[in-house]
Amino acid sequence: MTAPSDPNRLIAEFAIGGMLAVLLWRVIVWVREAPVRPDPWDTETDKKLSEPETAQTCHHCSTPQSSTAWFCPHCGNAVGQYNNLMPYVCIFSEGEIYRNGVNQRFRNRPLIVAGLALMTLGIVPFLAPLYWISLIKNLHDLDRPKADET
């Protein structure tokens, strides 16, 4: 057993702290030196999007929406400006996320898949294995090209 004032332990703690500081510094430098992506909008498009009379569209099906709509009449997804702040309507936004994980195409990224898997543990832990099976099946289907894509 080592004593709290053991010089070897103190040196090891300084070494670990130094390595963590260097690692943090390298991450900061890596982020700062990352290439800047060009702005996809030209000034005319940016101006049109910021005008108050520009119609809002559904993020899923691009159907124009009224400014007072909570749900898209075409696909049923939540489109309201404050849907995620309203306790009852927020449930539909969360349900949309869960449905996208098992029914639709989404970007197959490890962080997205881990988030979907962990979110189910917080909401309904006893049903999480069933959701995970459906999620894995959907991930397997994402790898296969559709008939119209070949």
Side-chain angles (χ1 to χ4, degrees), residues 1-2 4 9 12-13 15-42 45-150:
M1 200 128 196
T2 60
R9 181 175 175 175
E13 289 173 355
I16 291 172
M19 286 189 286
L20 289 175
V22 168
L23 180 67
L24 178 64
W25 178 253
R26 288 302 305 155
V27 168
I28 291 171
V29 168
W30 177 65
V31 169
R32 288 176 125 185
E33 293 177 353
V36 178
R37 294 184 180 183
D39 188 11
W41 307 114
D42 59 354
T45 305
D46 191 33
K47 195 183 299 181
K48 284 182 182 178
L49 288 174
S50 62
E51 291 176 357
E53 57 271 355
T54 302
Q56 296 179 1
T57 59
C58 174
H59 64 276
H60 185 258
C61 67
S62 299
T63 304
Q65 304 294 317
S66 71
S67 61
T68 59
W70 287 0
F71 302 99
C72 176
H74 184 259
C75 66
N77 284 340
V79 294
Q81 212 169 13
Y82 300 106
N83 278 10
N84 293 332
L85 300 175
M86 304 165 97
Y88 175 69
V89 183
C90 179
I91 295 169
F92 297 103
S93 295
E94 291 174 7
E96 180 182 334
I97 293 169
Y98 292 126
R99 281 191 307 275
N100 287 342
V102 296
N103 291 335
Q104 297 179 356
R105 299 183 71 84
F106 63 93
R107 286 184 286 164
N108 185 1
R109 304 281 189 267
L111 188 61
I112 293 175
V113 174
L116 287 170
L118 291 176
M119 280 178 22
T120 56
L121 286 176
I123 303 296
V124 283
F126 59 92
L127 293 177
L130 295 175
Y131 183 82
W132 294 341
I133 291 169
S134 299
L135 179 64
I136 291 169
K137 182 183 178 302
N138 188 31
L139 287 173
H140 188 320
D141 292 343
L142 287 176
D143 293 337
R144 283 193 239 146
K146 288 186 175 181
D148 58 347
E149 293 178 359
T150 57

Pair up each side-chain donor or acceptor in residues 23-34 with any protein partner under 3.5 Å, not counting sequence neighbours, and list the distances.
none

Under the side chain to side chain donor-acceptor pair (under 3.5 Å) test, which residues partner [X], sequence neighbours left out?
X: Thr63; answer: none
X: Glu13; answer: Arg9
X: Asn84; answer: Ser93

Do [X] and [Y] have side-chain heavy atoms sitting under 4.5 Å apart?
X: Val79; Y: Gln56; result: no
X: Met19; Y: Val22; result: no
X: Val113; Y: Leu116; result: no

Check: Who are the salt bridge (charged side-chain N to carboxylate O under 4.0 Å, His left out) partners of Lys47, not counting sequence neighbours?
Finding: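 Applying salt bridge (charged side-chain N to carboxylate O under 4.0 Å, His left out) to Lys47 gives none.
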Pair up each side-chain donor or acceptor in residues 122-129 with any protein partner under 3.5 Å, not counting sequence neighbours, and list the distances.
none

Shortest non-hydrogen contact from [X] to [Y]?
X: Asn100; Y: Asn138; result: O-ND2, 3.8 Å
X: Arg107; Y: Ile112; result: O-CD1, 3.4 Å
X: Ala117; Y: Leu135; result: N-CD2, 4.5 Å

Partner residues of [X] under the side chain to side chain contact (heavy atoms under 4.5 Å, CB included) criterion, sequence neighbours left out:
X: Asn103; result: Arg99
X: Ser66; result: Thr68, Ala69
X: Ile136; result: none

Checklist line | Residue from Ser62, Cys61, Pro64 passing side chain to side chain contact (heavy atoms under 4.5 Å, CB included) with Cys72 | finding: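 It is Cys61, the one option of Ser62, Cys61, Pro64 that forms the side chain to side chain contact (heavy atoms under 4.5 Å, CB included) with Cys72.
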Margin query: Quick check for you: to the nearest 0.5 Å, what is the distance between Glu96 atom CD and Ile91 atom CD1?
Written below: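 The CD1 atom of Ile91 is 14.0 Å from CD of Glu96, to the nearest 0.5 Å.
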Next item on the list: Provide the full list of side chain to side chain donor-acceptor pair (under 3.5 Å) pairs with a residue in residues 120-134, sequence neighbours left out, each pair given once.
Entry: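 Every pair satisfying side chain to side chain donor-acceptor pair (under 3.5 Å) with a residue in residues 120-134: Thr120-Trp132.
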Next item on the list: Would you mind listing every ring pair (Phe, Tyr, Trp, His ring centres under 6.0 Å) that reaches into residues 48-85, with sequence neighbours excluded?
Entry: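 Every pair satisfying ring pair (Phe, Tyr, Trp, His ring centres under 6.0 Å) with a residue in residues 48-85: Phe71-Phe92.
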Next item on the list: Please list all pairs passing the salt bridge (Lys or Arg N to Asp or Glu O under 4.0 Å) test where one or both residues lie in residues 116-137, with sequence neighbours left out.
Entry: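 Every pair satisfying salt bridge (Lys or Arg N to Asp or Glu O under 4.0 Å) with a residue in residues 116-137: Lys137-Asp141.
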